[in-house]
Amino acid sequence: MAKANKIARVFVPADPRRVTLYVCGPTVYNRAHIGNFRPVIVFDTLFRVLRQTFGAECVLYARNYTDIEDKIIAASQASGQSISALTQKYAGIYAEDAEAVNALPPSLTPWATDHVGDMIAMVTRLVDRGYAYVSAGGVYFHVSGMADYGRLSGRKPGDNEAGARVAVDPDKRDPADFALWKFAKPGEPDEAIWDSPWGRGRPGWHIECSAMAARHLGQTIDIHGGGIDLQFPHHENEIAQSECAHGTEMARFWMHNGFLDMSGEKMSKSLGNVVLLGDLLQDWEGEVIRFAMLSGHYRAPLDWTNALLEQARTTLGRIYGALRRVWLAEGGEAEDRAVLNALEDDLNTPMALAELSRLAGEANAAADRGDEASMATLRAELLAAGALLGLLTKTPAAWEQGGDIEDKVRVDALVQARLDARAAKDWAEADRIREELRAEGIEIMDSAGGSTWRRL
RNA sequence: GGCCCUGUGGCGGAGUGGUGACGCAGCGGAUUGCAAAUCCGUGUACACCGGUUCGAGUCCGGUCGGGGCCUCCA
């Protein structure tokens, strides 16, 4: 189900009683944009599938918080807040945003600064084993000391030199070498400085994930995920550090999500074309955002547009409508595995959503013909599929008629007044009420048994 | 310059070499007091050029286009 080095392989965990997933989490120094939530939603969906397949208690999912880094120090100094206050604040917003798009809390959310000791231990091992060296700027990993460095991204250290974009750094023996430990520079706050065997300073970026993954999930993890941009150099360097320190494979499967695009170009802070999730949530339900995100395959780029969100809302609305019609048919048992099968095939979420739509159509058809047994089965299947996808988490009533309770009473009364008018064949009055409600975005749906309504 | 991904109908987006997923929009029908919702039906889509094959969107080669990484980045 997972893909590594462009070859799809059947996923079998090393230990089905302890399936491990590590995903690179955010650097918490400002508000994350919607693109940053693609891995959150994608790997949350994977987490749900793994829990379904192997049992909820058998899956360990860790997503870290990077709370020490150049930009954090800069943001702290610029804003006058301590590093810890700053990182706590933005980690909190991140967690709230993640919850808003129905992402389950990971099993573990380790913080980098809680693991500096582990990182120092790992760097010590790398120095002792001859994979790292100390120079004027800090401690560096020497990539040419590792025979198969570059195997994840398919590039060798020499490949990158032709572009001449690698900064010349006199502290490094090789341009591709990377920092394991950076010595403190004058003016850096005490909060960003730790003691180490080589001198005061702070860890390099890559080492934290290696240390935290090993600490919490073990030296070899089943699946390591993150954005495609992290494949090189971040994940390549994680592999180098972990495997040279431990002598074991770091991750058995790697999964990288593609970027969100804006007008065909990647969304990124440096390009300035970002949309913040917090802003999006002003206009769209978190579940609509999640549906839109899952409408493309995780590895492919996805163009993030209003049209995509509108279509997601319409389609999800239809599915909720189907769920409404079978809502009272309880006691059914889910038998259809199509959604799970789709997700188990390299997390094919577009296929899974297609199957979800198919279930909705079947539910509506069953409701049309009054087939109670099928309705009960389809209700259970819709909910089971929704649980896998992180969708259909609300009741149909809450989805369609949620909001102000007093307003709901008012609308209910108007709908009833229209029903009375219809009973009296006062079509003019019935249509007037219908138009009045439509003008405020409320749609009336008639059926043989009565009328219901929903907000559009 | 190196490495890599990608090009499907009006739009989004799947697709294991063998009668055109799925959704949105459109059109026709059923239903409806009329609508909406719902159901049913409906589309000479696979960038281009060669090749392999009984048969290719699906494999191979090439051309053109789009994108990503090589620098912080989901």
Side-chain angles (χ1 to χ4, degrees), chain A residues 6 8 23-27 32-43 69-71 74 150 153-167 175-176 205 225-234 236 256-261 264-271 274 291-292 295-303 305 307-308 310-319 321-322 324-325 342 345 348-358 360-369 422 425-428 430-431 434-435 438 443-448 451-454 456:
Chain A
K6 295 162 288 302
V23 175
C24 293
T27 300
H33 60 74
I34 183 65
N36 296 311
F37 283 92
R38 189 166 193 192
V40 171
I41 292 171
V42 162
F43 292 108
E69 201 262 343
D70 290 12
K71 287 194 293 292
S153 56
R155 67 183 96 201
K156 296 178 166 43
D159 288 345
N160 303 320
E161 289 171 27
R165 299 185 69 187
V166 178
W205 173 39
I228 185 62
D229 55 312
L230 298 182
Q231 187 184 52
F232 186 91
H234 183 56
E236 205 67 77
H256 293 102
N257 64 274
F259 274 107
L260 241 45
D261 289 348
E265 183 174 61
K266 76 165 185 170
M267 183 187 295
S268 78
K269 287 170 190 168
S270 51
L271 291 171
V274 302
F291 192 105
S295 68
H297 186 88
Y298 76 91
R299 276 189 279 108
L302 180 64
D303 211 30
T305 61
L308 180 72
E310 279 163 17
Q311 185 174 314
R313 180 169 61 189
T314 302
T315 306
L316 188 56
R318 173 169 170 269
I319 295 167
R324 177 191 73 242
R325 297 185 65 197
D345 182 11
N348 192 336
T349 54
M351 178 73 86
L353 293 180
E355 295 296 344
L356 186 64
S357 281
R358 197 202 82 235
E362 289 181 12
N364 276 322
D368 275 357
R369 62 178 193 271
R422 291 182 70 209
K425 295 202 190 309
D426 183 354
W427 309 127
D431 291 351
R434 184 170 67 198
E435 283 313 304
R438 176 164 280 283
E443 177 180 71
I444 290 184
M445 294 171 289
D446 294 330
S447 69
S451 297
T452 186
W453 57 275
R454 66 175 177 180
L456 294 175

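Lettering follows sequence order; numbering is per chain, from 1.
Of the P atoms belonging to G41(B) and U16(B), the separation is 26 Å, rounded to the nearest Å. To the nearest whole angstrom, the two C1' atoms, one in C11(B) and one in C3(B), are 33 Å apart. One C1' atom belongs to G1(B), the other to U8(B), and the distance between them is 32 Å to the nearest Å. Rounded to the nearest Å, the gap between the C1' atom of G26(B) and that of C69(B) is 41 Å. Straight-line distance between the P atoms of G51(B) and U58(B): roughly 14 Å, to the nearest whole Å. Using atom C1' as the reference point in both G57(B) and A25(B), the two lie 24 Å apart (nearest Å). Rounded to whole Å, the C1' atom of G15(B) lies 7 Å from the corresponding atom of A21(B). One P atom belongs to G28(B), the other to G43(B), and the distance between them is 15 Å to the nearest Å.
Atom-to-atom, CG of L456(A) to P of A37(B) comes out at 9 Å; the value is rounded to the nearest Å. In this structure, the CD atom of E265(A) is 10 Å from the C1' atom of G67(B), given to the nearest Å. One can place CD of E310(A) at 11 Å from C1' of C24(B), the figure rounded to the nearest angstrom. Rounded to a whole Å, the CD atom of E355(A) is 13 Å from the P atom of A21(B). Atom pair K425(A):NZ and C34(B):C1' shows a separation of 13 Å (rounding to whole Å applied). Between Q231(A) atom CD and C73(B) atom P there is a gap of 15 Å when expressed in whole angstrom units. In this structure, the CD1 atom of I444(A) is 14 Å from the P atom of A36(B), given to the nearest Å. For the pair H33(A) NE2 and C73(B) C1', the interatomic distance rounds to 7 Å; values are reported in whole Å.
Shortest non-hydrogen contact noted between S451(A) and R422(A) is OG-NH1, 4.0 Å. Shortest non-hydrogen contact noted between G225(A) and F43(A) is CA-CZ, 3.6 Å. Taking all atoms of both residues into account, the shortest heavy-atom contact from L230(A) to C24(A) is CD1-CB, 3.7 Å. Closest approach of A342(A) and M351(A) over heavy atoms only: CB-CG, 3.5 Å.
Note on D446(A): a base of the nucleic acid sits closer than 4.0 angstrom, heavy atoms only. When heavy atoms are screened at a 4.0 angstrom cut-off, G258(A) is found touching base atoms of the nucleic acid. Heavy atoms of L230(A) sit under 4.0 angstrom from primed sugar atoms or phosphate atoms, though from no base atom. Among the heavy atoms of the strands lying under 4.0 Å from R422(A) is at least one base atom, whether or not backbone atoms are also near. In this structure, R325(A) reaches the sugar-phosphate backbone alone: every heavy-atom distance under 4.0 Å involves primed, P, OP1 or OP2 atoms, never a base. Across all strands, N364(A) comes closer than 4.0 Å only to sugar-phosphate atoms, never to a base (heavy-atom distances).
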Verdict with supporting geometry, W453(A) and E443(A), side chain to side chain contact (heavy atoms under 4.5 Å, CB included): CA-CA 5 Å; W453(A) 57 275; E443(A) 177 180 71; over 6 Å; no
Under the criterion side chain to side chain contact (heavy atoms under 4.5 Å, CB included), I'd like the reasoning laid out for I228(A) against R299(A): C-alpha separation, chi angles, the key distance, then a yes or no. CA-CA 8 Å; I228(A) 185 62; R299(A) 276 189 279 108; over 6 Å; no
Chi angles and distances behind the side chain to side chain contact (heavy atoms under 4.5 Å, CB included) call for M445(A), R325(A): CA-CA 12 Å; M445(A) 294 171 289; R325(A) 297 185 65 197; over 6 Å; no
Reading nucleotides 8-17 of chain B 5' to 3', which nucleotides get B (base under 4.0 Å from a protein heavy atom), which S (sugar-phosphate only), which -? ----SSSS--
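Here W427(A) does not reach the OP1 or OP2 of A35(B): none of its side-chain N or O atoms lies under 4.0 Å away. Taking side-chain N and O atoms only, R369(A) has no distance below 4.0 Å to OP1 or OP2 of C40(B). Contact check, K266(A) against A74(B): no side-chain N or O comes under 4.0 Å of OP1 or OP2.
Ring-to-base geometry does not place F37(A) in a stacked arrangement with A74(B) (centre distance under 5.5 Å, plane angle under 30° required).
Set against A74(B), C70(B), A36(B), the side chain of P39(A) has A74(B) as its closest nucleotide. Picking from A36(B), U38(B), C24(B) the nucleotide with the shortest atom distance to the side chain of M445(A) gives A36(B). Residue K269(A) places its side chain closer to A74(B) than to any other of C24(B), A74(B), C22(B). Each of C73(B), C69(B), U38(B) was ranked by its minimum atom distance to the side chain of W205(A); first place goes to C73(B).
In summary, D229(A) and K266(A) do not engage in a salt bridge, as defined by a charged side-chain N under 4.0 Å from a carboxylate O.
Here the OG atom belonging to S268(A) is positioned 10.0 Å from the CG atom belonging to N36(A), to the nearest 0.5 angstrom. N257(A) contributes atom CG, which lies 13.0 Å from atom CZ of F37(A) (distance to the nearest 0.5 angstrom).
Panel note: side chain S357(A), backbone I319(A); no donor-acceptor pair is recorded below 3.5 Å.
Between R434(A) and R454(A), the residue anchored nearer the 5' end of RNA chain B, judged by the nucleotide with its closest heavy atom, is R434(A).
With hydrogens and angles ignored, a donor-acceptor pair under 3.5 angstrom links the side chain of D431(A) to the base of G33(B).
In the model, T27(A) has no side-chain atom that pairs as donor or acceptor with a side-chain atom of E69(A) under 3.5 Å.
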Would you sketch RNA chain B in dot-bracket for me? Only Watson-Crick or G-U wobble pairs with both distances under 3.5 Å count, crossing pairs as [ ], other-strand pairs as |, the rest as dots. (((((((..(((.....[...))).(((((.......)))))....(((((..]....))))))))))))....
